Amino acid sequence: MRVIIRKTYEEISLAAANLVKARIKKKPELILGLATGSTPVKLYQELIRMYQEEKLRFVFVKSFNLDEYYGLSSDHPQSYRCFMNTRFFDHIDIDKANTHIPDGRTKDPEEFSAWYEEQIRGMGGIDLQLLGIGSDGHIGFNEPGSSFSSRTRLVALDAQTVSDNARFFERKEDVPLSAITMGIGTILEAKELILLASGESKAEVVAAAIEGPLSSMIPASALQLHPRVTLFLDETAASALTRKRYYHFAEESEQNLGRELF
Ligand code: F6R
């Protein structure tokens, strides 16, 4: 696991955007896994800026989002489809036909989930998956207790997640209680993972995920099993880590060895 710590949210967003840019430059037809929530907002803004100012192109990129609320139609303002269109896709040259987000209105979640997995597999798998982390340790909407080998499926949201996400809805009662999410097993099959975390409210769970034992009670600890993970943390999100000095040292050593960070 590579742990990159920067002072601010803006700095980690730029660093992560640079990594995404490097991967798209290397492989223009990248299969990109995407996340929603507040954390990646600035990263998407940076990628839009790179599209506008640095000729970064998304025409050949195909994307798969991690999750979608169950019960919300794609035009609902709080749906993740709407989030992705307004925050990112509408501002770049990606072909919307190449963007995939679980269908929150499917009548048959099981059949849909199998189809979603098939689409990912059919395109050769996800090259780079972007992740955030919930305050209960979830990745995607894989709540504590999710199996490390879980696949895309309909899940019930934890009360903590419903309360965390109430800020996006007019009333807490409006927050959907379930979602379709890629499983932890699905996420671990991506060739590379990046996770961003910002703010003090994530500090304890970030430390548990990186430095604690593997446990389904902290779904993000599953990242320890993946061979190619980079975590981008701002100082507050990194504040409960015990090995910060080592992470800085490891980053410096890579640079001294002339290895490109991204
Ligand atoms: C969203 C997702 C979630 C979020 C997590 C953190 O697609 O998969 O796991 O990444 O809930 O959300 P924020 O960034 O709002 O703190």
Side-chain angles (χ1 to χ4, degrees), residues 9 12-13 33-44 65-84 86-88 101-106 109 113 129-148 150 152-184 186-187 195-212 215-223 231-241:
Y9 169 62
I12 56 165
S13 303
L34 297 171
T36 58
S38 6
T39 313
V41 168
K42 185 76 189 152
L43 161 64
Y44 293 143
N65 264 75
L66 284 166
D67 41 22
E68 177 61 283
Y69 287 119
Y70 191 55
L72 298 194
S73 61
S74 55
D75 58 358
H76 188 287
Q78 295 312 329
S79 71
Y80 285 169
R81 163 53 77 183
C82 205
F83 175 102
M84 290 310 299
T86 56
R87 303 286 186 152
F88 192 35
I101 299 182
D103 176 4
R105 293 295 289 267
T106 178
S113 300
Q129 176 68 56
L130 168 63
L131 299 165
I133 181 170
S135 62
D136 64 357
H138 70 222
I139 46 173
F141 273 135
N142 295 283
E143 301 289 20
S146 299
S147 160
F148 282 3
S150 53
T152 302
R153 68 208 185 287
L154 179 67
V155 295
L157 299 181
D158 194 277
Q160 178 69 53
T161 302
V162 173
S163 130
D164 286 351
N165 289 3
R167 68 191 194 278
F168 298 113
F169 291 81
E170 262 177 42
R171 300 172 313 159
K172 192 177 172 191
E173 304 82 76
D174 296 337
V175 186
L177 301 178
S178 52
I180 296 185
T181 181
M182 282 185 202
I184 299 179
T186 322
I187 293 169
L195 182 143
L196 275 79
S198 162
E200 211 176 334
S201 63
K202 302 287 172 72
E204 290 298 328
V205 82
V206 161
I210 301 176
E211 296 179 344
S215 165
S216 67
M217 292 312 285
I218 306 285
S221 68
L223 267 52
L231 294 115
F232 293 93
L233 310 174
D234 68 11
E235 251 176 15
T236 48
S239 59
L241 292 171

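On a predicted model such as this, the values are computed, not experimentally measured, just so you know. All residue numbers refer to positions in the sequence shown, counting from 1. Excluded from the calculations below are hydrogen atoms, water molecules and symmetry mates; all remaining heavy atoms, backbone and side chain alike, are included.
- At a threshold of 4.5 Å between non-hydrogen side-chain atoms, the residues Pro176 and Leu72 count as touching.
- Remark: Leu34 CG to Ile101 CD1 distance equals 8.0 Å, nearest 0.5 Å.
- Shown here are the side chain to side chain donor-acceptor pair (under 3.5 Å) partners of Ser147, two or more places apart in sequence or in another chain: Ser149.
- Across all non-hydrogen atoms, the minimal contact from Phe148 to Ser216 is CE1-CA, 3.8 Å.
- Side-chain contact between Asn65 and Met84 is present, with heavy atoms from C-beta onward closer than 4.5 Å.
- The CD1 atom of Ile139 lies 8.5 Å from the OG atom of Ser146; values are rounded to the nearest 0.5 Å.
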Exercise. Output, in order, the C-alpha distance, side-chain angles, deciding distance and verdict of side-chain contact (heavy atoms from CB on, under 4.5 Å) for Ile180 and Tyr80.
Key: CA-CA 11 Å; Ile180 296 185; Tyr80 285 169; over 6 Å; no
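- If you take CG on Leu223 and CD1 on Ile218, they are separated by 12.5 Å, rounding to the nearest 0.5 Å.
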Can you give each donor-acceptor pair under 3.5 Å made by side-chain atoms of residues 162-169, sequence neighbours left out, with the distance rounded to 0.1 Å?
residue : atom : partner : partner atom : Å
Asp164  : OD1  : Gln160  : NE2          : 2.9
Asp164  : OD2  : Ser135  : OG           : 2.5
Asn165  : ND2  : Tyr69   : OH           : 3.0
Arg167  : NH1  : Asp164  : O            : 2.6
Arg167  : NH2  : Ser38   : OG           : 2.4

Self-check item: CA sep, side-chain torsions, deciding dist, call: Leu177, Leu157, side-chain contact (heavy atoms from CB on, under 4.5 Å)
Solution: CA-CA 5 Å; Leu177 301 178; Leu157 299 181; 5.7 Å; no
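- Taking CG of Leu233 as the reference point, atom CG of Leu195 lies at 7.5 Å (rounded to 0.5 Å).
- Counting heavy atoms from C-beta outward, Asn142 and Ile187 have side chains that approach closer than 4.5 Å.
- Scanning all heavy atoms of the two residues, the minimum distance from Ser73 to Ser79 falls at O-CB, 3.3 Å.
- Phe232 contributes atom CZ, which lies 12.0 Å from atom CG of Leu131 (distance to the nearest 0.5 angstrom).
- The minimum heavy-atom distance between Asp136 and Pro219, with the atom names listed, is O-CD, 4.1 Å.
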Quiz item: side-chain contact (heavy atoms from CB on, under 4.5 Å) between Lys202 and Thr39: does it pass, once the steps are laid out?
Solution: CA-CA 11 Å; Lys202 302 287 172 72; Thr39 313; 4.1 Å; yes
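- Considering CG of Asp234 and OH of Tyr9, their distance stands at 9.5 Å, rounded to 0.5 Å.
- In terms of heavy-atom proximity, Gly71 sits nearest to Arg105 at O-CD, 3.4 Å.
- Between Ala35 and Pro40, the shortest heavy-atom contact is O-CG, 3.7 Å.
- The heavy-atom pair separating Ile133 from Ala220 by the smallest distance is CD1-CB, 3.6 Å.
- Shown here is Glu173, whose CD atom has more than 12 heavy atoms of other residues, nucleotides or ligands within 6.0 Å.
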Quiz prompt | Glu68 vs Asp103, side-chain contact (heavy atoms from CB on, under 4.5 Å): CA-CA, chis, key distance, verdict | solution = CA-CA 7 Å; Glu68 177 61 283; Asp103 176 4; over 6 Å; no
